[in-house]
Amino acid sequence: MPAPARQYWLMKSEPDEFSIDDLARVGTEPWTGVRNYQARNFMWKQMRVGDGVFFYHSNAAVPGIHGLARVASTPYPDPTQFEPGSDYFDPKSRREEPRWWLVDVGFERKLARAISLDELRGHAGALDDFPLLRRGNRLSVLPVTAAQWKYILTLEKKRP
DNA sequence: GCCAACGTTGGC
DNA sequence: GCCAACGTTGGC
């Protein structure tokens, strides 16, 4: 059986909470706290070890893609859902049937320069259907096509 | 199953 | 801090 094609994702994080520099420091981080079913399903049902990840800063001075990461584990239950003191505690989740799943995310590199949301919007033609650019999109985990991945990486080497 | 109220996200 | 978008909750 041929190896499945590499997949690509965009994952948002608030840099005040956890930035690309934090990921660079720790190397690998469990992606705790996702409490949206669609985002969970991407991690639980579709991600594979080695998939590429755009690390996106939201609620930031410069919202945009700041680095590259990769999916570094198979899915497993988010431990914070069972911790009563945690912001992410979910009293309705049971250990026999966890509701929230996550993957580990591993640092790859920072981009030579951040590619801002504003700049991405300037390429709306080439980035047709890029979910990040869709109005009102609040998903914190988004699929990226191979073509979009490649295109966005070429922007890194250009002038903004 | 409908839908109003409510909470959260995230750009600005 | 504001507010549009939109997911979730819960009464009926």
Side-chain angles (χ1 to χ4, degrees), chain A residues 7-26 29-47 51-71 75-105 107-108 110-145 148-149 151-156 158-160:
Chain A
Q7 304 174 117
Y8 302 96
W9 308 95
L10 180 146
M11 298 173 85
K12 297 179 185 174
S13 185
E14 302 194 13
D16 289 350
E17 300 292 325
F18 191 80
S19 71
I20 187 68
D21 291 318
D22 293 322
L23 185 63
R25 194 174 315 117
V26 299
E29 179 75 3
W31 208 253
T32 54
V34 170
R35 295 294 180 269
N36 170 283
Y37 288 102
Q38 204 180 344
R40 175 206 67 178
N41 287 345
F42 287 137
M43 293 197 287
W44 188 20
K45 307 285 192 185
Q46 291 189 236
M47 283 189 182
D51 283 358
V53 174
F54 282 138
F55 195 104
Y56 181 92
H57 283 181
S58 61
N59 271 318
V62 181
I65 297 167
H66 287 249
L68 303 184
R70 65 177 65 197
V71 175
Y76 61 96
D78 182 340
T80 63
Q81 70 194 300
F82 303 121
E83 296 167 5
S86 168
D87 284 347
Y88 304 124
F89 178 59
D90 183 348
K92 293 182 190 160
S93 184
R94 296 179 298 125
R95 286 183 185 276
E96 319 82 72
E97 198 180 344
R99 178 178 294 192
W100 305 111
W101 294 71
L102 52 67
V103 296
D104 290 345
V105 172
F107 179 74
E108 190 148 330
K110 289 181 71 170
L111 293 187
R113 62 179 189 87
I115 300 170
S116 70
L117 177 61
D118 203 45
E119 180 176 354
L120 291 168
R121 287 208 181 104
H123 296 267
L127 296 176
D128 201 31
D129 284 336
F130 193 47
L132 185 74
L133 303 182
R134 253 185 254 139
R135 209 164 62 103
N137 174 56
R138 301 178 311 161
L139 259 191
S140 64
V141 179
L142 302 171
V144 177
T145 68
Q148 289 161 351
W149 177 269
Y151 183 84
I152 289 168
L153 282 181
T154 66
L155 297 181
E156 184 187 14
K158 294 180 183 168
R159 299 219 158 263

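Hydrogens, waters and symmetry mates play no part in the numbers below; they use all other heavy atoms, side chains included. Naming convention: chains lettered A, B, ... in sequence-line order (proteins, then strands); numbering from 1 in each chain.
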* Go through the steps for Lys110(A) and Asp21(A) under the test side-chain contact (heavy atoms from CB on, under 4.5 Å), then give the verdict. => CA-CA 8 Å; Lys110(A) 289 181 71 170; Asp21(A) 291 318; 2.9 Å; yes
* To do: Would you please test Leu111(A) and His66(A) for side-chain contact (heavy atoms from CB on, under 4.5 Å) and show each step?
  => CA-CA 6 Å; Leu111(A) 293 187; His66(A) 287 249; over 6 Å; no
* Structure fact -> Residue pairs meeting salt bridge (Lys or Arg N to Asp or Glu O under 4.0 Å), one or both in residues 51-71 of chain A, sequence neighbours left out, come to Arg70(A)-Glu108(A)
* To do: Please collect all salt bridge (Lys or Arg N to Asp or Glu O under 4.0 Å) contacts where either partner lies in residues 112-136 of chain A, sequence neighbours excluded, each pair once.
  => Arg113(A)-Glu119(A)
* Structure fact -> Across all chains, not counting sequence neighbours, the ring-ring contact (aromatic ring centres under 6.0 Å, His included) partners of Tyr151(A) are His123(A)
Which side-chain N or O atoms in residues 53-64 of chain A pair as donor and acceptor under 3.5 Å with protein atoms at least two apart or in another chain?
residue  : atom : partner  : partner atom : Å
His57(A) : NE2  : Ile20(A) : N            : 3.1
Asn59(A) : ND2  : Glu14(A) : OE2          : 3.0

* Residue pairs, two or more places apart or on separate chains, that pass side-chain hydrogen bond (donor to acceptor under 3.5 Å, both in side chains) and touch residues 75-85 of chain A -> Arg35(A)-Asp78(A), Arg35(A)-Thr80(A), Tyr76(A)-Asp104(A), Asp78(A)-Thr80(A), Gln81(A)-Ser93(A)
* Structure fact -> Residue set satisfying salt bridge (Lys or Arg N to Asp or Glu O under 4.0 Å) with Arg25(A), at least two apart, ordered chain then number -> Asp22(A)
* To do: Please identify each residue that fulfils salt bridge (Lys or Arg N to Asp or Glu O under 4.0 Å) with Glu97(A), with sequence neighbours left out.
  => Arg94(A)
* Asked: To the nearest 0.5 Å, what is the distance between CG (Leu133(A)) and CG (Leu117(A))?
  -> 6.5 Å
* Asked: Could you give the distance from CG (Leu10(A)) to CD1 (Ile152(A)), rounded to the nearest 0.5 Å?
  -> 7.5 Å
* Contact boundaries of DNA chain C with chain A (under 4.0 Å, heavy atoms), 5' to 3'? -> dA5(C) to dT8(C)
Could you pull out every donor-acceptor pair under 3.5 Å between side chains of residues 36-47 of chain A and any protein atom, sequence neighbours left out?
residue  : atom : partner  : partner atom : Å
Asn36(A) : OD1  : Gln38(A) : N            : 3.0
Asn36(A) : OD1  : Ala39(A) : N            : 3.0
Arg40(A) : NH1  : Arg99(A) : O            : 2.9
Asn41(A) : ND2  : Tyr37(A) : O            : 3.3

* Structure fact -> Ordered by number, residues from residues 85-104 of chain A within less than 4.0 Å of DNA chain C (heavy atoms) are none
* **Any residue of residues 112-121 of chain A with a heavy atom less than 4.0 Å from an atom of DNA chain C** => none
* **Sub-4.0 Å heavy-atom contacts from residues 133-143 of chain A onto DNA chain B, ordered by number** => Arg138(A), Leu139(A)
